[in-house]
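Reviewing the structure listed below.
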Amino acid sequence: MTEPLHPTNPVASPSNALLVRLRSAVSLPAPSVLWEGFVLLAVTFVLLCYGLAPLTGGDRLGLVGADEPRYAQIAREMLAVHDQFCAAEHTSLIPSSFRAADIQAAYRCLQAGTVTPILYGQPWLEKPALYYWRAMGFFREFGVSDWSARLPSTSGALALVILIYLHMKRFRPGGQLDAALITASSLAIIAFSRGASTDMQLAAPFCIGMLGWYAWYETGKKFWLFDLYFFGAAATLAKGPVAPFLALVIICFFLGLRREWSALRRTIWIPGVVLYLVMVLPWYIAVQRHNPTFVRQFFLEHNLERFATNKYQHHQPVYFYLIVILIGLMPWTVIGIRALLSASKVCIAEWRVRNDPKRYLGHSRAGDAFPEFLILWAILPVIFFSFSGSKLPGYILPAIPPITILTGDYLNRIRRTGLSKTLMVSHAALCAVMVFVLVLSPQHMKYETLVPSIAWLSWAAFAAVAIGLTVYFITQRFSITRITYATLIPVVASLVFLLGFHGKELDLNYSARPLAVEIARQAPGIELVATQNVKRDMDYGLAFYRNRAMIHYETEGVPVGEHLLVIRTTDTEDLIRYLNGRIYKPLFLYESQGLEVYKVYATGVGVASTPAVPVDTVASVR
């Protein structure tokens, strides 16, 4: 029998054989993995970015507090100095050629405006430069704005969530998506990912570095130590020596409890140490050379004195951070606490096993070390900062991710048995309470009352009950498999409610942006603005949005030229004391934050002040 001219076996075809080899060489992810990745990125993007920028639901909320506008203004001034110097030198960060002169010019351009943080033209040595560098980059890319000032924190939180997912997928498969989404949906991560501050700049790289160290501890592969040293250096450039100190304390406690001190010696990896020093030392040395007072101001005043005393007036009771943790974990507080207790029981059982001289049975390591490591990572920063004389909520942000990771791992471990009814009811009730409080918050902001109207109470109660029942029935119907998605419902709904429908109220009551806009509208030709006894939040906020420092009556006196005065409505009796012999008139009332704006004429325009116009005849902004 003659053979056919063409082979009938498709594998024997050269083209099909090539396709088979390509498929074996390129392993495509399974559809389930692709779906997980899509859900992770989509949900995290909504949680971290909704209402943040014009393209993601609108730029709803201006910079709030004193730190946000101050740090943003520092980055703006550093960028301006950098751009002016590089333009004057006709160079950029990339040398135009390999000639020594061009390389030196590019190096000087790199240093200009990037070494010394400056605020209103003066050195500001309170924090290292990582946030300012990153904000400068986003300002260059997107322009100077309040939302671009927040992108360093948002991008850091996004990287943290993604790396938690990848780490869990590699070392604790099964709970990776829950752990990542729980982290992204916790109140502390959502709040600080939207802050133009240094808190997330420390927390994100610190947590990634700690996960890297544990990966090395489990595998023994030096590659993972790169994470510890690289991201540890980034955290040191974000807030200083607190990052390596906390990492060392956590690692030492962990290895001490497990009696594995040799691992501490092996953690000292020479290439990693070199990498850390190369990243950290150049800036610290350069800023000290440019500012001889840096060591005293930064290390002594803003680190040691801030911890040991109440010099900066941030005193709180010793239990303050317990409350911060409970609120920061919402809406996952109940399950997070249950996960901590469950992990603690596992650790206590393993400690008893390790005290048994027959525990090893031929093995060099006993039990599961991951829960023990996460518990120590969660509680040691809380204990350490509880003894600080100065307490701010952001100090213990690095303690939130280990609890959310434990929570995701706990949900995976009890996937077969499911949650108890008590835990389901408690979790749903907490989601309902969170929604109830957040629905009432716009009324409190608008009317400054603790008892809102009956109508709002009714709507808040209805929304809370509906959300609580939804979370409970979804959890009961699908148990563990859908609890994360069910809990995302109140989180996303709260975001849309607060930022989408009531972002204006938030802006009016907490940001200086609306006041700056109204000042520019009603007095466009007046550049100089003074303040008298207003909050630091408003002072720094106006300075950022007007891009110039405020004049302060109480410390710098009354300017002789024409200017505007922002003063609290309760302090208007001080006008006679400060403006005796000057002409001034009320411009408008800013009701939302209890402020009045006056126009003060230049010295010599008149000799007597005009009588104040009654408040009810003054144009008001609310």
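In what follows, residues are counted from 1 in the order of the sequence shown.
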Arg76 charged N/C atom sitting above Phe139 aromatic ring, 6.0 Å / 45°: no

Pair Tyr71, Gln73: side-chain N/O donor-acceptor within cut-off below 3.5 Å: no

Heavy-atom closest pair, residues Asp146 and Gly62: OD2-CA, 3.7 Å

Heavy-atom side-chain contact between Ile467 and Ile489 under 4.5 Å: yes

Check against side-chain contact (heavy atoms from CB on, under 4.5 Å), Leu47 and Val43: CA-CA 6 Å; Leu47 292 172; Val43 173; 3.8 Å; yes

Test side chain to side chain donor-acceptor pair (under 3.5 Å) applied to Asn533 and His552, step by step: CA-CA 8 Å; Asn533 197 29; His552 307 100; over 6 Å; no

Nearest heavy atoms of Phe497 and Pro442, plus distance in Å: CE2-CG, 3.7 Å

Residues which pass salt bridge (Lys or Arg N to Asp or Glu O under 4.0 Å) with Arg568, listed by chain and number, not counting sequence neighbours: Asp571

Lys391 side, atom NZ; Ser386 side, atom OG - distance, nearest 0.5 Å: 6.5 Å

Side-chain (Arg150) to main-chain (Arg194) donor-acceptor, under 3.5 angstrom: yes

Trp456 to Val439 - nearest heavy-atom pair and separation: CZ3-O, 3.4 Å

Qualifying residues under side chain to side chain donor-acceptor pair (under 3.5 Å), relative to Thr91, sequence neighbours excluded: none

Flag side-chain contact, heavy atom, 4.5 Å: Tyr601 against Arg582: no

Minimum side-chain heavy-atom gap Tyr590-Leu508 below 4.5 Å: yes

side-chain contact (heavy atoms from CB on, under 4.5 Å) evaluation trace for Gln288 with Val295: CA-CA 7 Å; Gln288 174 63 26; Val295 170; 3.1 Å; yes

Under 3.5 Å side-chain donor-acceptor pair for Gln201 and Ser153: yes

Sidechain N-carboxylate O distance under 4.0 Å for Asp574, Arg577: yes

Qualifying residue for side chain to side chain contact (heavy atoms under 4.5 Å, CB included) with Ile189, from Thr404, Leu397, Leu329: Leu397

Atom of Pro117, atom of Ile74 and distance for their closest heavy-atom approach: CB-CG2, 3.9 Å

Pairs satisfying side chain to side chain donor-acceptor pair (under 3.5 Å), at least one member in residues 322-333, at least two apart: Ser185-Trp332

Sidechain-backbone polar pair: His82 side chain, Met78 backbone, donor-acceptor under 3.5 Å: no

Donor-acceptor contact below 3.5 Å, side chain Glu77 vs main chain Tyr120: yes

Heavy-atom check, side chain of Gln104 versus side chain of Arg108, under 4.5 Å: yes

Thr56 (side chain) donor-acceptor with Tyr50 (main chain) under 3.5 angstrom: no

Aromatic ring pairing Trp459/Phe462, orientation class (parallel under 30°, perpendicular over 60°, tilted between): perpendicular

Under 3.5 Å donor-acceptor, Thr603 side chain and Val560 backbone: yes

Side-chain touch Ile383/Tyr321, heavy atoms, less than 4.5 angstrom: no

CZ (Arg289) with more than 12 external heavy atoms under 6.0 Å: no

Any donor-acceptor N or O pair under 3.5 Å, side chains Ser197, Asp67: no

Worked verdict on His563 versus Glu527 for side-chain contact (heavy atoms from CB on, under 4.5 Å): CA-CA 7 Å; His563 63 278; Glu527 294 292 330; over 6 Å; no

Aromatic ring pairing Tyr284/Phe299, orientation class (parallel under 30°, perpendicular over 60°, tilted between): tilted

Distance, nearest 0.5 Å, that separates CG of Leu499 from CG of Asp507: 10.5 Å

Chi angles and distances behind the ring-ring contact (aromatic ring centres under 6.0 Å, His included) call for Trp283, Tyr132: CA-CA 13 Å; Trp283 179 79; Tyr132 311 131; 8.8 Å; no

Any donor-acceptor N/O pair, Gln297 side chain to Glu126 backbone, under 3.5 Å: no

Close side-chain approach of Phe298 to Pro241, heavy-atom, < 4.5 Å: yes

Non-hydrogen atoms of Phe85 and Cys109 that approach each other most closely: CE2-N, 3.8 Å

From CG (Leu575) to OH (Tyr584), nearest 0.5 Å: 5.0 Å

Test item: Met136 and Thr114 side chains (from C-beta on) under 4.5 Å apart, heavy atoms: yes

Aromatic plane relationship, Tyr395 with Phe385 - under 30° parallel, 30 to 60° tilted, over 60° perpendicular: tilted

Check: Gln593 main-chain N/O paired with Tyr510 side-chain donor or acceptor under 3.5 Å: no

Exam field: side chain His502 to backbone Gly500, donor-acceptor pair closer than 3.5 Å: no

Distance in Å, Tyr545 OH paired with Ser511 OG, rounded so as to fall on 0.5 Å steps: 4.0 Å

Distance, nearest 0.5 Å, that separates CG of Asp539 from CE of Met550: 6.5 Å

Under 3.5 Å donor-acceptor, Thr236 side chain and Ala243 backbone: no

Aromatic ring pairing Phe384/Phe245, orientation class (parallel under 30°, perpendicular over 60°, tilted between): tilted

Intermediate values then yes/no, side chain to side chain donor-acceptor pair (under 3.5 Å), Asn509 and Ser592: CA-CA 5 Å; Asn509 285 275; Ser592 299; 4.9 Å; no

CG on Leu528 to CZ on Arg546, rounded to 0.5 Å: 8.5 Å

Test log, rule side-chain contact (heavy atoms from CB on, under 4.5 Å), inputs Ile567 and Leu595: CA-CA 6 Å; Ile567 188 171; Leu595 300 172; over 6 Å; no

Within-4.5 Å side-chain heavy-atom neighbours: Arg513 and Phe544: no

Whether Glu68 side chain and Ala196 backbone form a donor-acceptor pair below 3.5 Å: yes

Shortest non-hydrogen separation from Tyr131 to Pro152 and the atoms involved: CE1-CG, 3.8 Å

